[in-house]
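Below is one structure; the comments refer to it alone.
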Amino acid sequence: MSLSYTKKISKTRLYWLCQLMGWCLVSTYWAYTVYNRDNYGIFYTFSNYVLDVAIGIFLTHMYRIYALKANWSQLPIKKLFIRVIPSILLLALLYVLINNLKWYTYWTFIAGEDKNFFEAIMYWDPILLTGLRLMSIWILAYHLYHYYQKEVVTARENAQLSLIAKQAQLDNLSAQLNPHFLFNSLNSIKSLVIENPNVARRAIDLLSDLLRSSLYEKDKDLIRIKNELALVYDYIELEKMRFEERLQLKTNIEEDVINYKIPALSIQLLIENAIKHGIDLKVDGGVINLKIKKKDSHIHITVENPGVLSENKSVGLGLENLKKRLEIQYKGKAGFSLTATELNHVCAELIIPMHINDEKI
């Protein structure tokens, strides 16, 4: 049995349950009235009770059938309102006529009294007001339920579309970032092919491992910090084959943060940027300091390297994509900054909230 079919059955059961409960509750008042005020016996009181329930269900169910066939639940509020008012009046008049027929039949054929048919049918006070009140309440409740259901469906569809759009944006940024990373890595290997073929082969092995690891995480927006660090260490080993002693990495990582999740390839990108715009431009190279710590319900990741931050030069594609990914993933609750520090150093800082997207496993 399909899920949609099961939901349809559940809604049908709910509808009939509400119909029976609602009209039974309303008709109880009239049964009490005729039993005490008009001295009806138990049999006639019960018969009148059953007929009252049947009349209410019949009229409102006929309205439901017509409204569903005319697809009124999809109409805007103003257009629906124009159709509802005449419907309430018509249902109230039918309620009066059917109930008057019921009473005429009772008093004429059961109680044996001589009643004028026309006068009995035209009797309207207070039954018309009762019909107007009951039909207004029923129709209002019916359309409010459908309006609520439509809003729930719309909200769910909008949420799904938002997730699809978000995933498409992340996939697009990731698709741009992976070739960017691959291009820089191949440049590093190219410089080793002629100078040291054995080292170049080791570099290709490392690159293969890096790409394999990144592909395993491709279907995930986030990656554990410890897994990201494994990629970083492989990348540093790959780059040290080209820079040798000119490249050093020092780390200061709090142990209790390594199982939290961050955007994939984010630390690797900061390290890559530090090498490209810092170490590579220095004759003597330098030291890259990587720090990861918790502070105020956030994870602070800083990468500091020797270099000069040019005010006139915009950030590269990788960092620009990283900023967009943070905005999409965390909706403004994450941060990224690139600042110049003392002693001609540049510090890149990534701030990730710890309580969003269930980063810790």
Side-chain angles (χ1 to χ4, degrees), residues 5-75 77 80-111 113 115 120-153:
Y5 182 71
T6 304
K7 288 183 177 179
K8 186 176 181 180
I9 292 177
S10 298
K11 287 184 178 180
T12 302
R13 288 176 178 173
L14 177 63
Y15 165 75
W16 284 112
L17 180 63
C18 290
Q19 280 280 64
L20 286 171
M21 290 181 62
W23 286 110
C24 285
L25 182 64
V26 169
S27 300
T28 299
Y29 169 76
W30 300 112
Y32 175 81
T33 300
V34 297
Y35 183 78
N36 288 277
R37 185 189 66 186
D38 300 328
N39 297 317
Y40 278 31
I42 295 177
F43 174 76
Y44 293 122
T45 299
F46 179 75
S47 300
N48 182 73
Y49 175 79
V50 172
L51 287 173
D52 283 342
V53 173
I55 292 169
I57 290 179
F58 170 74
L59 289 175
T60 52
H61 187 63
M62 289 301 102
Y63 173 85
R64 175 178 179 268
I65 292 174
Y66 184 82
L68 288 175
K69 188 176 293 186
N71 206 23
W72 282 5
S73 61
Q74 301 302 318
L75 292 175
I77 297 296
L80 178 63
F81 185 78
I82 294 174
R83 289 161 174 78
V84 161
I85 297 301
S87 299
I88 292 174
L89 294 174
L90 178 60
L91 288 174
L93 289 174
L94 290 174
Y95 182 82
V96 169
L97 290 175
I98 295 174
N99 272 282
N100 284 343
L101 281 172
K102 178 191 72 172
W103 291 116
Y104 175 78
T105 300
Y106 172 79
W107 288 110
T108 302
F109 296 101
I110 297 177
E113 295 187 9
K115 293 286 184 180
I121 292 297
M122 295 303 295
Y123 179 75
W124 62 273
D125 184 25
I127 192 169
L128 178 60
L129 294 178
T130 301
L132 287 171
R133 181 169 62 252
L134 293 177
M135 296 306 157
S136 297
I137 293 173
W138 191 95
I139 290 178
L140 179 63
Y142 177 78
H143 286 293
L144 281 176
Y145 170 79
H146 278 277
Y147 179 77
Y148 170 75
Q149 290 295 315
K150 186 170 68 172
E151 288 299 308
V152 169
V153 171

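From a predicted model like this one, the values you see are computed outputs, not experimental measurements.
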Report, one line per pair, each donor and acceptor closer than 3.5 Å where one atom sits in a side chain of residues 131-139; sequence neighbours left out.
from: Ser136; atom 1: OG; to: Leu132; atom 2: O; distance (Å): 2.6
from: Trp138; atom 1: NE1; to: Gln19; atom 2: OE1; distance (Å): 2.8

Leu59 and Leu91 have their tightest heavy-atom pair at O-CD2, 3.7 Å
Within 6.0 angstrom of Met62 CE, more than 12 heavy atoms from elsewhere:
yes
Would you please name every residue forming a salt bridge (Lys or Arg N to Asp or Glu O under 4.0 Å) with Lys102, sequence neighbours left out?
Asp52
How long is the straight-line distance from CD1 of Ile127 back to CD1 of Ile98, given to the nearest 0.5 Å?
10.0 Å
With rounding to the nearest 0.5 angstrom, report the OG1 to CH2 distance, Thr28 to Trp23.
12.5 Å
Report the distance from atom CG of Leu101 to atom CG of Leu51, rounding to the nearest 0.5 Å.
11.5 Å
Could you give the distance from CD1 (Ile85) to CG (Leu80), rounded to the nearest 0.5 Å?
9.5 Å
Before giving the answer on side-chain contact (heavy atoms from CB on, under 4.5 Å), spell out for Asn48 and Trp103 the whole-Å C-alpha distance, their side-chain angles and the decisive distance to 0.1 Å.
CA-CA 9 Å; Asn48 182 73; Trp103 291 116; 3.5 Å; yes
Ring-face cation of Arg64 near Tyr15 (centre distance under 6.0 Å, axis angle within 45°)
yes
Looking at Ile65, I'd like to know if its CD1 atom is crowded, meaning that more than 12 non-hydrogen atoms belonging to other residues, nucleotides or ligands lie closer than 6.0 Å.
yes
Donor-acceptor contacts, no H, no angles, side chain residues 67-75, under 3.5 Å, sequence neighbours left out:
none

Flag side-chain contact, heavy atom, 4.5 Å: Leu14 against Tyr145
yes
Quick one: CG on Asn99 to CH2 on Trp30, what's the gap to the nearest 0.5 Å?
9.0 Å
Does a sphere of radius 6.0 Å around OH in Tyr35 hold more than 12 heavy atoms from other residues, nucleotides or ligands, not counting ones at 6.0 Å or beyond?
no
Answer yes or no: is there a side-chain heavy-atom contact under 4.5 Å between Thr45 and Tyr32?
no
So, His143 and Tyr147: side-chain donor and acceptor under 3.5 Å apart, yes or no?
no
How long is the gap from OH on Tyr63 to CD1 on Ile88, to the nearest 0.5 Å?
7.5 Å
Mind running side-chain contact (heavy atoms from CB on, under 4.5 Å) on Leu128 and Leu93 for me, showing each step along the way?
CA-CA 7 Å; Leu128 178 60; Leu93 289 174; 4.1 Å; yes
Residue pair Thr60 / Ile57: nearest heavy atoms and the distance that separates them
OG1-O, 3.3 Å
